[in-house]
Amino acid sequence: MIVGLDIGTSFIRVVIGDVDENGNVSVAGTSQVKSEGLRNGVIVNIEAAKNAIREAIEQAEQNAGITVSSVFTCLGGMQVSSTDSNGAVAIAKNRGNTREITAQDIDRVIDCARAIKIPIDRQLLHIIPQEFFVDNVSVGINPPIDIMGDRVVVDVHIITSSVSTVQNICSCITRSGYICNNIMLKTLAATQAVVHEDELDLGSIIIDLGAGTTDVIVFIKGAPVCTASLQVAGNLVTSDISIVKGISVANAEKIKIESGCCWRDGIEVDRQVIIPGVGGRAPEATTESEICDIIQPRMTEIFEMARSAVMHNSKIKQLSGNIILTGGGAQMRGVVELAQSVFRTSAVRIGMPEALGGIEEDYRRPDFATAVGLIVANKNSEIQNSGKKKKVRNAPQGKKGESGLSRLIKKYF
């Protein structure tokens, strides 16, 4: 069994996957509980967060009929940052003759690329190859093992996170009674569940519309070239409704979920919406179009900021793949049409996790993309370390048996 734990600002989601010896995953159980002790994706109350995590995992355990001992989790938000680096190594010749490049040579060039100065309050989360060169000739994103050459160069994307944030997440999970096996970037996890290989190769943008933050990752030629996080997200939409209509945040959230739409032209039937009264004030009636007039400007701002971050950080000139929307915000009506308008492309879709089999179908929603992606991304590690209650790592880079983006990711703790 392998467990994906997505600790979000509004909800904690858990997916339990059953992995067979061939690496095939079937979902055995899922759960979703309201988050406690988090603000904008950051843990601010260890005790409250611990209790919410325990409740979520226990619910998933009951649904799956098993006992969980360890989990894989993720993080995102403003505590994550990224940069690009490169490394180069010479291939020692064998008796004066050029020899084949080995896995050890790939490890050496990756280690060379990671030799950058990282502030003491940050730690390395991922180092992901973007492109390999052998004797100044590009060989793509796959490690050039067994190729003859004198010199290997690699461009990499390095993702770091706040040390205290990682420690707080691990502390919450440990206090809940579980082992934290691994922590990865949440958009990278979601990518594993909802993005196809051809979309990665063509160049795609994954936007996770969360409650506390909006996280973005850009892929070009199969490798990440940009990661960004915005502090404008779903909670601000709820806040806007609350302020304009003079109602509680809880009631505003309910209206957003039940009647919210962020694309005015998409409202075919302008249904009535009842605004609850506050402090003895009588309830009042409004319409979905009036609610949309509150929501659409804020959602437009979110997409415009995401587009600006992508243009500034990745220098992308042409998008041949898709814009893929995940997270709870991707469930709002009109979100695809609004994204198409802002990004000026029709290539926008909702990131729905593919069917993995099993008795549960609740996970086939964009808000479960990260939790599902965690079990997909880490299944090889779990197979290799089954029965060992210790921290696990992905298989070494370039090893056979890995597929897709998984073989590009090398984690350090």
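Applying the side chain to side chain donor-acceptor pair (under 3.5 Å) rule to Q62 yields no partners; only residues at least two apart in sequence or on another chain are considered. Contacts of S176 classified as side chain to side chain donor-acceptor pair (under 3.5 Å), with partners at least two apart in sequence or in another chain: none. In this structure R175 satisfies the side chain to side chain donor-acceptor pair (under 3.5 Å) test together with S171, sequence neighbours excluded. Under the salt bridge (charged side-chain N to carboxylate O under 4.0 Å, His left out) criterion, R333 pairs with E288, sequence neighbours left out. Legend: residues meeting salt bridge (charged side-chain N to carboxylate O under 4.0 Å, His left out) with E36, ordered by chain and number and at least two apart, are absent.
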side-chain contact (heavy atoms from CB on, under 4.5 Å) assessment of L374 paired with C74
CA-CA 8 Å; L374 283 168; C74 59; 4.0 Å; yes
Quiz item: What's the verdict on side-chain contact (heavy atoms from CB on, under 4.5 Å) for Q272 and I274, showing C-alpha distance, side-chain angles and the deciding distance?
Solution: CA-CA 7 Å; Q272 187 181 71; I274 301 300; 3.7 Å; yes
Handout entry: Intermediate values then yes/no, side-chain contact (heavy atoms from CB on, under 4.5 Å), I183 and C170
Key = CA-CA 9 Å; I183 299 179; C170 291; 3.7 Å; yes
_One pair to check against salt bridge (Lys or Arg N to Asp or Glu O under 4.0 Å): D111 and R108. What are the steps and the verdict?_
CA-CA 5 Å; D111 288 339; R108 285 197 300 128; over 6 Å; no
| query | Do I217 and K186 pass the side-chain contact (heavy atoms from CB on, under 4.5 Å) test, and can you show the C-alpha distance, the side-chain angles, and the key distance before you say yes or no? | reply | CA-CA 10 Å; I217 187 167; K186 66 180 302 183; over 6 Å; no
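Note that CD of E131 is 11.5 Å distant from CG of N86, once rounded to the nearest 0.5 Å. Note that CG of L188 is 9.0 Å distant from NE2 of H157, once rounded to the nearest 0.5 Å. Atom CD1 of I101 and atom CD1 of I106 lie 6.0 Å apart (nearest 0.5 Å). The CD atom of Q192 sits 11.5 Å away from atom CD1 of I375, with the distance rounded to the nearest 0.5 Å. To the nearest 0.5 Å, the span separating OG1 on T73 from CD1 on I7 amounts to 4.0 Å. Rounding to the nearest 0.5 Å gives a distance of 8.5 Å between NZ of K245 and CD1 of I255.
Annotation: salt bridge (Lys or Arg N to Asp or Glu O under 4.0 Å) contacts involving residues 57-82, sequence neighbours excluded, are absent. Sorted by first and then second residue, the side chain to side chain donor-acceptor pair (under 3.5 Å) pairs with a member in residues 299-310 read R298-E301; sequence neighbours excluded. Among pairs with a residue in residues 38-48, those fulfilling side chain to side chain donor-acceptor pair (under 3.5 Å) read E47-K50, at least two apart in sequence or across chains. For residues 257-270, the salt bridge (Lys or Arg N to Asp or Glu O under 4.0 Å) pairs, not counting sequence neighbours, are R264-D293. Sorted by first then second residue, the salt bridge (Lys or Arg N to Asp or Glu O under 4.0 Å) pairs that include residues 209-227, not counting sequence neighbours, number zero. A salt bridge (Lys or Arg N to Asp or Glu O under 4.0 Å) check over residues 5-18, counting only residues at least two apart or in different chains, returns the pairs R13-D367.
The minimum heavy-atom distance between M1 and I16, with the atom names listed, is SD-CG2, 3.8 Å. Here the shortest heavy-atom pairing between V153 and A88 reads CG2-CB, 3.7 Å. Closest of all the heavy-atom pairs between C292 and C262 is SG-C, 4.0 Å. Of all heavy-atom pairs spanning F368 and D362, the tightest one is CD1-O, 3.9 Å. Shortest non-hydrogen contact noted between A369 and G351 is CB-O, 4.4 Å. Annotation for V335 and A330: closest pair CG1-O, 3.5 Å, computed over non-hydrogen atoms.
Looking only at side-chain heavy atoms (C-beta outward), V216 and N313 stay at 4.5 Å or farther from each other. Between I169 and L75, some side-chain heavy-atom pair lies under the 4.5 Å cut-off. Within the 4.5 Å cutoff, the side chain of I12 has heavy atoms near those of the I53 side chain. The shortest distance between side-chain heavy atoms of V80 and S229 does not fall below 4.5 Å. Residues Y178 and S70 fail the side-chain proximity criterion, which asks for heavy atoms closer than 4.5 Å. Between L325 and F303, the closest side-chain pair of non-hydrogen atoms falls below 4.5 Å. At a threshold of 4.5 Å between non-hydrogen side-chain atoms, the residues I43 and L38 count as touching.
At distances below 3.5 Å, not a single donor-acceptor pair connects side-chain atoms of Q296 with backbone N or O atoms of C261. Remark: the backbone N or O of A189 is not paired with any side-chain donor or acceptor of T370 at under 3.5 angstrom. No donor-acceptor pair closer than 3.5 Å links the side chain of T238 to the backbone N or O of V249. Looking at K256, its side chain does come within 3.5 Å of a backbone N or O of G234 through a donor-acceptor pair. Between the side chain of Y363 and the backbone N or O of L356 there is at least one donor-acceptor pair closer than 3.5 Å. Looking only at distances, no side-chain donor or acceptor of S85 sits under 3.5 Å from a matching main-chain atom of R114. A donor-acceptor pair is defined here as one N or O able to donate and one able to accept, closer than 3.5 Å; such a pair exists between the side chain of T9 and the backbone of G41. The main-chain N or O of T30 is found under 3.5 Å from a side-chain atom of N63 such that the two form a donor-acceptor pair. A donor-acceptor pair is defined here as one N or O able to donate and one able to accept, closer than 3.5 Å; no such pair exists between the side chain of N24 and the backbone of D20. Side-chain N or O atoms of S239 include none that pairs as donor or acceptor with a backbone N or O of N235 at under 3.5 Å.
Counted within 6.0 Å of CG on N136, heavy atoms from surrounding residues, nucleotides or ligands total 12 or fewer; the atom is thus considered open.
No hydrogens or angles considered: nothing links the side chains of T165 and N168 as a donor-acceptor pair under 3.5 Å.
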Report, one line per pair, each donor and acceptor closer than 3.5 Å where one atom sits in a side chain of residues 200-208; sequence neighbours left out.
unit_1: S204; atom_1: OG; unit_2: E199; atom_2: O; d: 2.7
unit_1: S204; atom_1: OG; unit_2: N322; atom_2: N; d: 3.1
unit_1: S204; atom_1: OG; unit_2: N322; atom_2: O; d: 3.4

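Checking each of S162, S161, S164, S81 against R122 for a side-chain hydrogen bond (donor to acceptor under 3.5 Å, both in side chains) leaves exactly one that passes, namely S81. For the side-chain contact (heavy atoms from CB on, under 4.5 Å) with M299, the lone residue among V342, D240, V232, V237 that qualifies is V237.
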